[in-house]
Protein chains: 2
Amino acid sequence: MSLNKKINSNLPENKCSVSYTQRLIAGRWKLVIMWHLSQETRRFNELQKLLPGVSKGILTRQLREMEDDGLVHREVYKEVPPKVEYSLTKEGQEFLPILTSMGNWGAKHREKLEQKKNNK
Amino acid sequence: MSLNKKINSNLPENKCSVSYTQRLIAGRWKLVIMWHLSQETRRFNELQKLLPGVSKGILTRQLREMEDDGLVHREVYKEVPPKVEYSLTKEGQEFLPILTSMGNWGAKHREKLEQKKNNK
DNA sequence: CCGGATCCAATATGATACTG
DNA sequence: CAGTATCATATTGGATCCGG
C-alpha cells in the first residue's frame with residue numbers, strides 16, 4: 001500500500017523528525033494547552049482555570065517553552081492590570097489535525113487497551 | 001470548515017483521549033521503537049542496536065510498558081539461547097499514520113521553528 | 001540472549017511566597 | 001493579572017550487577 005511505501009521510503013529522516021516533534025510536545029500540559037487555544041485566544045488566567053491542577057509556575061514555563069518553540073504566540077497588552085493573550089502560531093495550528101488524530105485514536109482504543117491491561 | 005466543527009463538537013472527550021494517548025507514548029524511546037517495528041518484527045538485540053544510547057534496562061522497561069498498554073506484542077521462543085521477537089499489535093499499527101504525520105510536521109517546520117528560536 | 005533488581009542522576013512538576 | 005524565585009517532590013532514564 002502506498003502509505004507503507006511512503007513510510008518506508010524515508011525512514012531515517014522521519015525517525016528524527018518524529019523525535020523532534022515528540023520533544024516539542026513532551027510537556028505534561030502542552031497538548032491540552034494547544035487544545036484550548038485551538039478555538040480561541042486565551043488569557044493566562046483563563047488557561048489556569050481550564051487546566052485544573054496546574055500551578056502558575058509550571059503553566060508559565062510550559063507556555064514559555066511553547067513560545068520559544070514557535071508553537072504559541074504571546075501578546076502582551078500594556079495595561080494595568082496586565083493582560084496577556086495566548087494564541088497558536090501558524091505552525092501550532094498546523095499541528096491540530098495530529099491532535100485530533102491522537103484524540104480519535106485514544107477514544108477508539110482506550111477501552112480495548114484497558115481491557116487487555118486488566119486481563120493480565 | 002468541517003474540521004473545525006468536528007474539533008469543536010467533542011472537545012472535552014477528545015481532550016481526555018488526547019491526554020490518554022500522550023501518556024501511552026510518553027517514554028523517551030517509545031515512538032522510535034514503534035517506528036522500527038512498523039516494517040518488521042525485531043528481536044531484542046536488534047532493537048538495542050537500532051537505538052544507540054539506550055541501556056538494556058530501560059529498553060526492557062519501555063517495551064514492557066508498551067506491551068502492558070497493548071501497543072506491542074512480545075513473542076518468546078523457548079530456545080537456548082532465548083529468542084524474543086517484538087511486533088506491533090493492531091492498535092499499535094493503527095497509530096502509525098499519526099507517527100507519520102508527526103514526522104512530516106516536524107520535517108516541515110523544524111527549520112522554520114529553529115530560526116525563530118535563534119532570533120530570540 | 002534476554003532480561004530482572006537495584007541504586008543513582010537528571011529532569012519535570014508542584015507548592016508557596018513575593019512582585020510590578 | 002500575570003508573572004518570578006525558591007524549594008520540595010515525583011517521575012524518568014541510565015549504569016551496574018546478577019540470573020535463567
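The figures that follow rest on heavy atoms only: side chains count, while hydrogens, waters and symmetry mates do not. So you know, we letter chains A, B, ... as the sequences are listed, proteins then strands, and number each from 1.
- Which of C:dC2, C:dG14, D:dG13 sits closest to the side chain of A:Ser55 comes down to C:dG14.
- Residue B:Arg64 contributes atom CZ, which lies 11 Å from atom P of C:dA5 at whole-angstrom precision.
- One interatomic measurement links the two molecules: CD of A:Gln22 to P of C:dT11, which rounds to 16 Å at whole-angstrom precision.
- Distances were taken from every side-chain heavy atom of B:Phe44 (C-beta onward) to each of C:dC2, C:dA15, D:dC1; the shortest belongs to C:dC2.
- Under the 4.5 Å side-chain criterion, counting only non-hydrogen atoms from C-beta, A:Leu31 is in contact with A:Met102.
- Both A:Gly57 and A:Ala26 lie near DNA chain C, and the one whose nearest nucleotide falls closer to the 5' end is A:Ala26.
- Residue contacts shown for A:Tyr77 are absent, as no nucleic acid heavy atom lies under 4.0 Å away.
- If you take CD of A:Glu67 and C1' of D:dA2, they are 14 Å apart, rounded to a whole angstrom.
- Within the 4.0 angstrom heavy-atom criterion, only backbone atoms of the sugar-phosphate kind lie near A:Lys83; the bases stay farther away.
- Within 4.0 Å (heavy atoms only), B:Thr60 reaches sugar-phosphate atoms of the nucleic acid but no base atom.
- In this structure, the side chains of B:His36 and B:Glu46 stay at 4.5 Å or more apart for every pair of heavy atoms.
- The side chain of B:Tyr86 has C:dG3 as its nearest neighbour among D:dG14, C:dG3, C:dC1.
- B:Leu71 has its side chain out of reach of B:Ile33: every pair of non-hydrogen atoms, C-beta onward, lies at least 4.5 Å apart.
- A donor-acceptor contact shorter than 3.5 Å is absent between the side chain of A:Ser101 and the backbone of B:Ile98.
- Residue B:Arg61 is classed as a base contact, given a heavy-atom separation below 4.0 Å to a base.
- If you measure from atom CZ of B:Arg23 to atom P of C:dA12, you get 19 Å, rounded to the nearest angstrom.
- Between the CD1 atom of A:Ile58 and the C1' atom of C:dT11 there is a distance of 11 Å, rounded to whole Å.
- For B:Gln22 (side chain) and A:Ile25 (main-chain N/O), a donor-acceptor pair under 3.5 Å exists by modelled atom type.
- One can place CG of A:Leu50 at 16 Å from C1' of D:dA2, the figure rounded to the nearest angstrom.
- Nearer the 5' end of DNA chain C, as judged by each residue's closest nucleotide, is the contact made by B:Lys56, out of B:Lys56 and A:Gly27.
- Look at CZ on A:Arg28: it is 15 Å from C1' on D:dT9, rounded to the nearest Å.
- The distance from atom CZ of B:Arg74 to atom P of C:dC1 is 16 Å, rounded to the nearest whole Å.
- Side-chain N/O atoms of B:Arg43 include none lying less than 4.0 angstrom from OP1 or OP2 on C:dC1.
- Residue contacts for A:Gln62: at a heavy-atom cut-off of 4.0 Å it reaches the sugar-phosphate backbone alone, with no base atom in range.
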